[in-house]
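Structure first, commentary second.
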Amino acid sequence: MSSDTAVNRKLIVPKSVFDQVNQHLKSVFPQEGCGFLAGQQDQCTAFYPIENILHSQIAYRMRPDEQIQALFDMEENAIEPLAIVHSHPHNQAIPSETDLKEATWPDLFSVIVSLIDLDSPEWHCWLLHKNRSEKAQFLVCND
C-alpha cells in the first residue's frame with residue numbers, strides 16, 4: 001500500500017462500537033486491553049474483545065484461540081478485520097517501540113486508546129509499519 005493510499009483511508013466507528021471498546025478497555029484496567037474492530041471497507045460494524053494473555057500494564061498479546069475464533073466469526077459474517085485496538089493505561093495514545101517492533105498487520109489500522117483519564121479515553125488511529133508509524137483518520141458516527 002502506498003502512503004498516498006494510507007493517507008486517504010479513514011476508519012469509521014459507530015458510537016455503539018466506540019462505547020463497547022471503551023467499556024472493555026476500562027474493565028481490564030490497569031492492564032492493557034486488546035481486540036479487533038471489524039467490518040467492510042473501513043466501516044466498522046463489530047468489536048471482538050480478546051484476552052491479553054500477558055496481563056500487563058505495558059504490553060499485550062492476544063489469546064491465540066480467541067483471536068482465531070474472532071477471525072472465523074468474521075469470515076462467517078462476511079466482514080474482515082479492520083483494526084487492532086489496544087489500550088495504553090498510563091501513557092499517551094501513540095505507538096510505543098514495542099507496538100512498532102511487533103507490527104505485523106500493515107494493512108490494518110492500529111487504534112491506541114489512552115486511559116490516562118478514565119472518564120475520557122483518548123483514541124488515536126495509526127497505520128504501523130516496522131519501525132515507523134503514520135497517523136490515520138478515524139470518525140465516530142451515530143449508529
Side-chain angles (χ1 to χ4, degrees), residues 1-54 56-100 102-130 132-143:
M1 171 183 326
S2 75
S3 82
D4 287 341
T5 304
V7 169
N8 293 328
R9 292 181 64 200
K10 179 189 294 185
L11 180 64
I12 300 171
V13 181
K15 177 82 166 76
S16 61
V17 174
F18 178 82
D19 291 342
Q20 288 172 15
V21 172
N22 286 335
Q23 181 179 6
H24 170 68
L25 298 178
K26 289 177 185 182
S27 76
V28 298
F29 183 87
Q31 298 174 10
E32 284 197 11
C34 55
F36 284 114
L37 293 173
Q40 295 178 327
Q41 299 177 348
D42 296 345
Q43 301 256 348
C44 178
T45 57
F47 172 58
Y48 291 85
I50 309 285
E51 179 186 354
N52 174 1
I53 61 172
L54 298 180
S56 168
Q57 295 184 28
I58 59 169
Y60 76 96
R61 182 145 305 122
M62 290 188 191
R63 183 174 165 170
D65 61 325
E66 289 182 9
Q67 187 176 9
I68 291 167
Q69 185 56 51
L71 293 169
F72 280 138
D73 189 77
M74 288 177 219
E75 186 175 342
E76 287 176 13
N77 289 293
I79 58 176
E80 59 191 13
L82 298 177
I84 295 173
V85 60
H86 76 281
S87 60
H88 283 181
H90 307 290
N91 292 305
Q92 294 180 337
I94 58 173
S96 67
E97 287 183 33
T98 301
D99 294 335
L100 292 172
E102 295 182 358
T104 55
W105 297 44
D107 291 336
L108 296 187
F109 291 103
S110 179
V111 174
I112 303 174
V113 181
S114 172
L115 297 177
I116 293 173
D117 180 351
L118 270 176
D119 294 327
S120 185
E122 182 181 339
W123 285 46
H124 287 281
C125 190
W126 305 88
L127 291 167
L128 302 183
H129 312 279
K130 293 287 184 192
R132 70 181 179 86
S133 62
E134 256 183 280
K135 190 99 184 231
Q137 295 183 6
F138 83 97
L139 173 68
V140 177
C141 63
N142 292 326
D143 294 272

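Source: prediction; values computed, not measured.
A search for side-chain hydrogen bond (donor to acceptor under 3.5 Å, both in side chains) contacts involving Ser16 returns Asp143, not counting sequence neighbours. Remark: Lys15 engages Asp19 in a salt bridge (Lys or Arg N to Asp or Glu O under 4.0 Å) (not counting sequence neighbours). Shown here are the side-chain hydrogen bond (donor to acceptor under 3.5 Å, both in side chains) partners of Ser96, two or more places apart in sequence or in another chain: Asp99. Qualifying side-chain contact (heavy atoms from CB on, under 4.5 Å) partners for Thr45, counting only residues two or more places apart in sequence or in other chains: Ile79. His124 pairs by the side-chain hydrogen bond (donor to acceptor under 3.5 Å, both in side chains) definition with Glu122, Lys135, not counting sequence neighbours. Take Asn142 and apply the side-chain contact (heavy atoms from CB on, under 4.5 Å) test, not counting sequence neighbours, and it matches no residue. Partners of Glu102 under the side-chain contact (heavy atoms from CB on, under 4.5 Å) rule, at least two apart in sequence or in another chain, are Arg61, Thr98. Remark: Trp126 pairs with no residue by the side-chain hydrogen bond (donor to acceptor under 3.5 Å, both in side chains) rule, at least two apart or across chains. Glu66 is linked by a side-chain contact (heavy atoms from CB on, under 4.5 Å) to Ile50, Glu51, Arg63, counting only residues two or more places apart in sequence or in another chain.
Residue pairs meeting the ring-ring contact (aromatic ring centres under 6.0 Å, His included) criterion with at least one member in residues 62-85: none, sequence neighbours excluded. Among residues at least two apart or in separate chains, side-chain hydrogen bond (donor to acceptor under 3.5 Å, both in side chains) pairs with a member in residues 68-77 are Tyr48-Asp73, Asp73-Asn77. The salt bridge (Lys or Arg N to Asp or Glu O under 4.0 Å) pairs that include a residue from residues 28-37 number zero, where partners must be two or more places apart or lie in different chains.
Nearest heavy-atom pair across Met62 and Cys34 is CG-SG, 3.9 Å. The minimum heavy-atom distance between Glu134 and Arg132, with the atom names listed, is OE1-NH1, 4.0 Å. Closest of all the heavy-atom pairs between Phe18 and Val13 is N-CG1, 3.8 Å. In terms of heavy atoms, Cys44 sits closest to Val17 at SG-CG1, 3.7 Å. Scanning all heavy atoms of the two residues, the minimum distance from Leu108 to Leu127 falls at O-CD2, 3.6 Å.
A distance-only check finds no donor-acceptor pair linking the side chain of Lys10 to the backbone of Leu139 [under 3.5 Å]. Using a distance-only test at 3.5 Å, with no hydrogens or angles considered, a donor-acceptor pair links the side chain of Ser56 to the main chain of Ile58. The main-chain N or O of Leu128 is never found under 3.5 Å from a side-chain atom of Ser133 such that the two would form a donor-acceptor pair. Formation of a donor-acceptor pair under 3.5 Å by the Asn52 side chain with backbone atoms of Gln31 is not found in this model.
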side-chain contact (heavy atoms from CB on, under 4.5 Å) between His86 and Ile112: does it pass, once the steps are laid out? CA-CA 5 Å; His86 76 281; Ile112 303 174; 3.6 Å; yes
For a side-chain contact (heavy atoms from CB on, under 4.5 Å) check, start with the C-alpha distance between Val85 and Phe47, then their side-chain angles and the critical distance, and finish with the verdict. CA-CA 9 Å; Val85 60; Phe47 172 58; 3.5 Å; yes
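Checked against the 6.0 Å centroid criterion, the rings of His24 and Phe29 do not qualify as a close aromatic pair.
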